[in-house]
2 protein chains.
Amino acid sequence: MPKRDDPRSVETRERLVGAAIELFGLAGFDGTTTRAIADKAGASLAAIPYHFTTKEKLYLAAASSIAEQVTQRLAPALKVLDAEIYSGALSRKKAITLLEESFIPFVTMLASRESEKWARFMLREQAAPTEAFEILYASDVGRFFRNVIHLTAIASGDVPGSQTARIRGLTLVGQALAFRAARALSLRTLEREDLGPEEIAAVTSSIREHIRLLRYL
Amino acid sequence: MPKRDDPRSVETRERLVGAAIELFGLAGFDGTTTRAIADKAGASLAAIPYHFTTKEKLYLAAASSIAEQVTQRLAPALKVLDAEIYSGALSRKKAITLLEESFIPFVTMLASRESEKWARFMLREQAAPTEAFEILYASDVGRFFRNVIHLTAIASGDVPGSQTARIRGLTLVGQALAFRAARALSLRTLEREDLGPEEIAAVTSSIREHIRLLRYL
DNA sequence: GTCTATAGTCGGATAGAC
DNA sequence: GTCTATCCGACTATAGAC
């Protein structure tokens, strides 16, 4: 879509993608107008068809951008996971420790201000997947989840790759996801307007406790 | 909004609300056209302003209808919870058993075909709450969650009402919610097109195991 | 490369016949 | 109480000036 690598062009495109992530996340594809995106990005309406041809392609560009940014946040954890998992046999104890450590950046990211818009976008894709889900799942974001699920199996003494193990892994991911996916309920329950550092720390610590409990299975 | 209790009128209204729940859940408020709702309900476009005045009020009517239907599904479990919680002191062991039993109808409902549309609607409200969230939270659906969170505190040995206890309760809810909220990821992970009875049973059994682990805290 | 102006489409809500 | 026909506003995408 991009015609040239002119610095002006690159900057406009980035601003448009940033505005698109935020607005598509808030109101969905149809609920978001290209006018609103252009306004928020400080660009003209015509800049969108120029850079992205259609509204759909802008939506997919937003998904790719999210995949890149989330990957960046999870990169250190992912590097460790990859190395450990493919290096050979992993003891349950070691898997539990690795899982605990993986959830720190994951929960921290989930709680960050920036991830608010990413999460909204990705959760929308869960309920009604489009091509954007494929982009996300094919990225390192998908690989992170697959690694976490694999580790959960070892930590729990389940057969890796079995449905039981996969389901347990998903319930573990769900423990963190709840605070984004059921955000309104969470805030109401915790009597907060927003999740601050204390809450994030408490969530992380709670999930780590639950991970350690897996040793009793 | 309903002008009369004419059987025809009631029926048209119900069909419109049913179509609204499904379509609003799929595409959100702005993504859903009143024309599509009228078509799906087999009514004319003019029937919507006639019965509900505005599209917005139809949206709220959809939320009320969901609250009623979900309440109906959870009513037996809720009755038991209410009776046990307000009857006096509850042992950890008893709290764990009650929690396990509460999650059976909860997960079963979450997995049911019908709840698919309810869940989509409610999860949308979590990301961008409107007045509809208040309707849902004020209903017995909200009370069910509050009871579950209270029970989790007792089951875990946490101080009921503490942030730690609330957070643990939310992570527990999240274990079940994951399969709806992160539906696309779940289906991909489980290599399924849909969650069948075997998967539901496995999810329930996995969560019950995790609830029983709370005794080690 | 970015803008203003505009074409063409489709949305929600209303009017009035049945 | 429900329908068809219609208004009016807002949307996406294009054309052409700068």
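Below, chain A is the first sequence line, B the second, and so on; all start at residue 1. Remember, predicted model here, so these are calculated numbers, not experimental data.
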Review point. Between A:S162 and A:R166, is any side-chain donor less than 3.5 angstrom from a side-chain acceptor?
Key: no
Review point. How long is the line joining NZ of B:K55 and C1' of C:dC10, in whole Å?
Key: 12 Å
**Study point:** Results of side chain to side chain donor-acceptor pair (under 3.5 Å) for A:T54 - residues two or more places apart only
**Key:** none
Practice item. Starting at atom NE2 of A:H51, determine the distance to atom P of C:dT2, rounded to an integer number of angstrom. Key: 4 Å
**Study point:** Between C:dG11 (P) and A:F29 (CZ): distance, integer Å
**Key:** 14 Å
Exercise for review: Please report the closest heavy-atom contact between A:R143 and A:L78, naming both atoms and the distance.
Suggested key: NH2-CD2, 3.7 Å
**Study point:** salt_bridge(A:E11, A:R8) N-O dist < 4.0 Å
**Key:** no
N/O to N/O distances under 3.5 Å, protein versus nucleotides 14-16 of chain C:
none

Point to revise | B:I48 CD1 to C:dA13 P, straight-line distance once rounded to whole Å | key: 9 Å
Review point. Hey, is the side chain of B:T54 poking within less than 4.0 Å of OP1 or OP2 on C:dG12, counting only N and O atoms?
Key: no
Review point. Which residue pairs satisfy the salt bridge (charged side-chain N to carboxylate O under 4.0 Å, His left out) criterion with at least one member in residues 42-53 of chain B, sequence neighbours excluded?
Key: none
Practice item. Taking all non-hydrogen atoms of both residues into account, name the closest pair between A:A182 and B:Q126 and its distance. Key: C-OE1, 3.1 Å
Review point. Does anything in residues 14-26 of chain A reach DNA chain D, meaning a heavy atom under 4.0 Å, and if so which residues?
Key: none
Practice item. In whole angstrom, give the distance that lies between atom OH of A:Y59 and atom P of D:dT12. Key: 15 Å
Review point. Is the closest basic N to carboxylate O distance between B:D140 and B:K79 below 4.0 Å?
Key: no
Review point. Under 4.0 Å between a Lys/Arg side-chain N and an Asp/Glu carboxylate O for A:R188 and B:E134?
Key: yes
Practice item. Nearest whole angstrom, please: distance from the C1' of D:dT12 to the CZ of A:F52. Key: 16 Å
Check your understanding: Rounded to whole angstrom units, what separation is found between the CZ atom of B:R8 and the P atom of D:dT2?
Key -> 6 Å
Exercise for review: Give me the residues of residues 32-44 of chain A where at least one heavy atom lies under 4.0 Å from an atom of DNA chain D, by number, or none.
Suggested key: A:T32, A:T33, A:T34, A:R35
Point to revise | Geometric cation-pi criterion B:R146 and B:Y137, 6.0 Å radius, 45° cone | key: yes
Point to revise | Interatomic distance where CZ belongs to B:R13 and C1' belongs to D:dT2 [whole Å] | key: 14 Å
Practice item. Applying salt bridge (Lys or Arg N to Asp or Glu O under 4.0 Å), name anything that partners B:E56, two or more places apart in sequence or on another chain. Key: none
Point to revise | Charged N-O contact under 4.0 Å between A:E22 and A:R120 | key: no
